[in-house]
2 protein chains.
Amino acid sequence: MLVQAAIRVIAAQGVAGATTRAIVAEAGMSLASFHYAFRSHAELMREVVSYVVDAEITSVFSSLRLGTDIRRALRDGLQAYLDYLIADPEHEQAMQELMHYALRTPGLESLAAEQYSAYLSGVVDVLTESAAAVPVEWAIPLPDIARLVVMTTHGVTLAWLADRDTAAAERVLDFAADSLAALAVLPIRSVT
Amino acid sequence: MLVQAAIRVIAAQGVAGATTRAIVAEAGMSLASFHYAFRSHAELMREVVSYVVDAEITSVFSSLRLGTDIRRALRDGLQAYLDYLIADPEHEQAMQELMHYALRTPGLESLAAEQYSAYLSGVVDVLTESAAAVPVEWAIPLPDIARLVVMTTHGVTLAWLADRDTAAAERVLDFAADSLAALAVLPIRSVT
DNA sequence: GTCATAATGGGTCAACTGTCCCAGACGTTT
DNA sequence: AAACGTCTGGGACAGTTGACCCATTATGAC
């Protein structure tokens, strides 16, 4: 698939390196085949941005599973994300670059907004899902919790990409898990 | 100055739009004058990255002033940053794009690391400065506090740039200020 | 097999990029 | 006035990019 080839190129070379020729080379195709499938390079990039949102959410935030110990569950989920980031830094780097690309490209600004709200609702889904097993009440609305999680991951991602300080990143996640857990209002074990 | 013209172009058009011609046009110069001052486009971009670090730190985080009410001081400082972001979104957008540009450009990766550590020590300076007036002790090392602040601002920046939800950003900052203030150990009013 | 459709390969084009060259203008020092 | 280095302007160059055209080859329905 050309879209996935494009994502690989972006991860390896950045958005600037994702030229039509580089993408078709990665996909093992010719230029003509590209313009047979897509009207233009911009059209492909639009699909790339749309695609990565869904893929990212399911692959990354699905590891966030709440349990009885909310702090530990949050911390484990955040650690899983950090492990994912360390294992494939270029991919997360590409995600943020694509976000900035969308913000800059006429006609794609709205997609950037959708991308972000998709992140949020993705985290909301995971939290809701987990809450089905062990009900948790939060001091603030669930979407706000999700926003804090997403904000944290993005911030930690940029920091780690810049200085590769894993220990510092983990200390940040410790703090984030502690602070978020403080927003959890443990439910009474009786029927409500 | 060509460096500042380049920053204006990047803020207006993004890093991809910061071509040599666009920069000299913004500066009102000719191409020859560019290559008289800089050996190459890459050399200018390196100076741009170096320049923005200092400028950014002094202009943004200087508003963070601690007082007796630590939570309020933190909240005010973060709000000042948000106001700054809203007043000139393209500038902060450019900062993050430049960070990603540095991370991708061979020979500039180390500059990205320096850029980030400069952010951190800038915040440390402000916090230390404020602590001189009203001494504050923290439950974790000061550089870690600074890292949390920087992480938060970057995360909030990306979120606001994507969905422009100012109210949500302010709720995030509420949470951040609360959580950070919880790390402050108020000093005893006697001599230690 | 035949034929229409889908898909591909090679080659070409204009536009844009970074870089460089060279003639000339400017200002300062003799 | 003359000479010097500093700086500027216009033009040109090769390389790369997105887009496109046309001839050719699979692919599959009948």
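Naming: A, B, ... by sequence-line order, numbering from 1 per chain.
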> Taking only residues at least two apart or on different chains, which pairs with a member in residues 163-183 of chain B satisfy ring pair (Phe, Tyr, Trp, His ring centres under 6.0 Å)?
Replying inline: none
> Hey, are the side chains of A:V124 and A:T128 touching, using non-hydrogen atoms and a 4.5 Å cut-off?
Replying inline: yes
>> Between the side chains of A:R171 and A:D165, is the shortest nitrogen-to-carboxylate-oxygen separation below 4.0 Å, so that they form an ion pair?
In response: no
>> For A:S179, is there any backbone N or O sitting under 3.5 Å from a side-chain donor or acceptor partner on A:R71?
In response: no
>> Any side-chain to backbone donor/acceptor pair from A:T105 onto A:A102? Under 3.5 Å, distance only.
In response: no
> Is the backbone of B:A168 close enough, under 3.5 Å, to the side chain of B:E170 for a donor and an acceptor to pair up by distance?
Replying inline: no
>> Contact list please: residues 9-25 of chain A against DNA chain D, heavy atoms, distance less than 4.0 Å, in numerical order.
In response: A:T19, A:T20, A:R21
>> Exactly one of B:D174, B:D69, B:D178 should register a side chain to side chain donor-acceptor pair (under 3.5 Å) with B:R75. Which one does?
In response: B:D174
>> Can you list, in residue-number order, the parts of residues 30-39 of chain B that come under 4.0 Å of DNA chain D, counting heavy atoms only?
In response: B:S30, B:A32, B:S33, B:Y36
> chain B on DNA chain C: first and last contacting nucleotide, 5' to 3', under 4.0 Å to a heavy atom?
Replying inline: C:dT17 to C:dC21
>> Is it the case that the side chain of B:H41 and the backbone of B:A18 share a donor-acceptor pair, with hydrogens and angles ignored and the cut-off at 3.5 Å?
In response: yes
>> Between the side chains of B:R104 and A:E97, is the shortest nitrogen-to-carboxylate-oxygen separation below 4.0 Å, so that they form an ion pair?
In response: yes
> If you look only at pairs with a residue in residues 8-28 of chain A, which of them pass as a side-chain hydrogen bond (donor to acceptor under 3.5 Å, both in side chains), with sequence neighbours excluded?
Replying inline: A:R8-A:E26
> Aromatic rings A:H154 and A:Y116: how do their planes relate, parallel, tilted or perpendicular, breaks at 30° and 60°?
Replying inline: tilted
>> Could you tell me the boundaries of the chain B footprint on DNA chain D, defined by atoms under 4.0 Å from its heavy atoms?
In response: D:dT6 to D:dA12
>> One pair to check against side-chain contact (heavy atoms from CB on, under 4.5 Å): B:H100 and A:L158. What are the steps and the verdict?
In response: CA-CA 9 Å; B:H100 282 288; A:L158 195 58; 3.7 Å; yes
